[in-house]
Amino acid sequence: MSLRLQRVRELLKREIGEVIRRELPVNEVGLINVNDVDVAPNLKTASVFIGVLGGDAQKKKGMEALEKNRKRIQGLVGRNIVLKYTPQLRFILDDSVERGNKVLRILDELEKSASAE
């Protein structure tokens with residue numbers, strides 16, 4: 001991956017996170033964080049991997065709110081970042097953090113049961 005593409009990814013990740021934090025109320029949609037951004041080489045599309053802290057209902061509500069406000073978020077990001085094209089955003093629910101935590105809990109349980117024997 002080129003250095004320019006990496007810089008654009010990091011810039012988009014930071015800016016999208018800021019816009020979401022300002023625009024979407026935490027008490028309604030849960031705590032939404034941007035885990036990663038994958039940008040197409042032509043910079044016209046970006047997949048935004050989202051983590052939502054909260055229950056299943058909050059995750060669903062959070063993703064619905066992101067989809068509903070996608071154009072607005074895209075516009076605000078476009079105003080704050082100077083690029084030839086503002087990438088079209090696509091939000092994807094990323095549960096990798098939860099899966100990682102589950103694996104860590106299982107490893108802890110295995111470790112405890114091994115030390116108890």
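For the single chain, residues carry numbers from 1 onward in sequence order.
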Answer yes when Glu10 and Arg7 have at least one side-chain N-carboxylate O distance shorter than 4.0 Å, and no when they do not.
no
Nearest non-hydrogen partners of Ile92 and Ser47, listed with the distance:
CD1-CB, 3.9 Å
Considering only distance and modelled atom types, tabulate donor-acceptor pairs under 3.5 Å from the side chains of residues 80-87, sequence neighbours left out.
unit_1, atom_1, unit_2, atom_2, d
Asn80, ND2, Glu15, OE2, 2.8
Asn80, ND2, Leu76, O, 3.2

Do Arg9 and Asp36 have side chains that approach each other closer than 4.5 Å (heavy atoms only, starting at C-beta)?
yes
Nearest 0.5 Å please: distance from the CD atom of Glu111 over to the CD1 atom of Ile106.
14.0 Å
For residues 56-71, tabulate all N or O donor-acceptor pairs below 3.5 Å that involve a side-chain atom, not counting sequence neighbours.
unit_1, atom_1, unit_2, atom_2, d
Lys59, NZ, Glu98, OE1, 2.9
Lys59, NZ, Glu98, OE2, 2.1
Asn69, ND2, Ala65, O, 2.9
Arg70, NH1, Gln74, OE1, 3.2

Greater than 12 external heavy atoms within 6.0 Å of Arg22's CZ
yes
Let me see the working for Arg4 and Leu43 under side-chain contact (heavy atoms from CB on, under 4.5 Å), right down to the final yes or no.
CA-CA 10 Å; Arg4 178 174 183 251; Leu43 301 178; 3.4 Å; yes
If hydrophobic clusters are built from ILVMFWY residues whose side chains come within less than 4.5 Å, do Val26 and Val19 share one?
no
Same cluster or not: are Ile20 and Leu31 linked, directly or through other Ile, Leu, Val, Met, Phe, Trp or Tyr residues, by side-chain heavy atoms under 4.5 angstrom apart?
no
How close do Ile50 and Asn35 get, heavy atom to heavy atom, and via which atoms?
C-ND2, 4.1 Å
Side-chain contact, heavy-atom cut-off 4.5 Å: Asp38 with Phe49?
yes
Should Leu5 and Val48 be counted in the same cluster of Ile, Leu, Val, Met, Phe, Trp and Tyr side chains packed under 4.5 Å apart?
yes
So do the side chains of Val29 and Val52 get within less than 4.5 Å of each other, counting heavy atoms only?
no
What distance separates Leu107 CG from Lys102 NZ, expressed to the nearest 0.5 Å?
12.5 Å
Go through Ile73 and Leu89 one step at a time and tell me if the side-chain contact (heavy atoms from CB on, under 4.5 Å) criterion holds.
CA-CA 9 Å; Ile73 293 169; Leu89 303 178; 4.0 Å; yes
Just so I know, are the side chains of Val37 and Val39 near enough to count as touching, which here means a heavy-atom distance under 4.5 Å?
yes
Non-hydrogen atoms of Ala46 and Leu12 that approach each other most closely
CB-CD1, 4.5 Å
Please list, chain by chain and in numerical order, all residues satisfying side-chain hydrogen bond (donor to acceptor under 3.5 Å, both in side chains) with Arg14, sequence neighbours excluded.
none
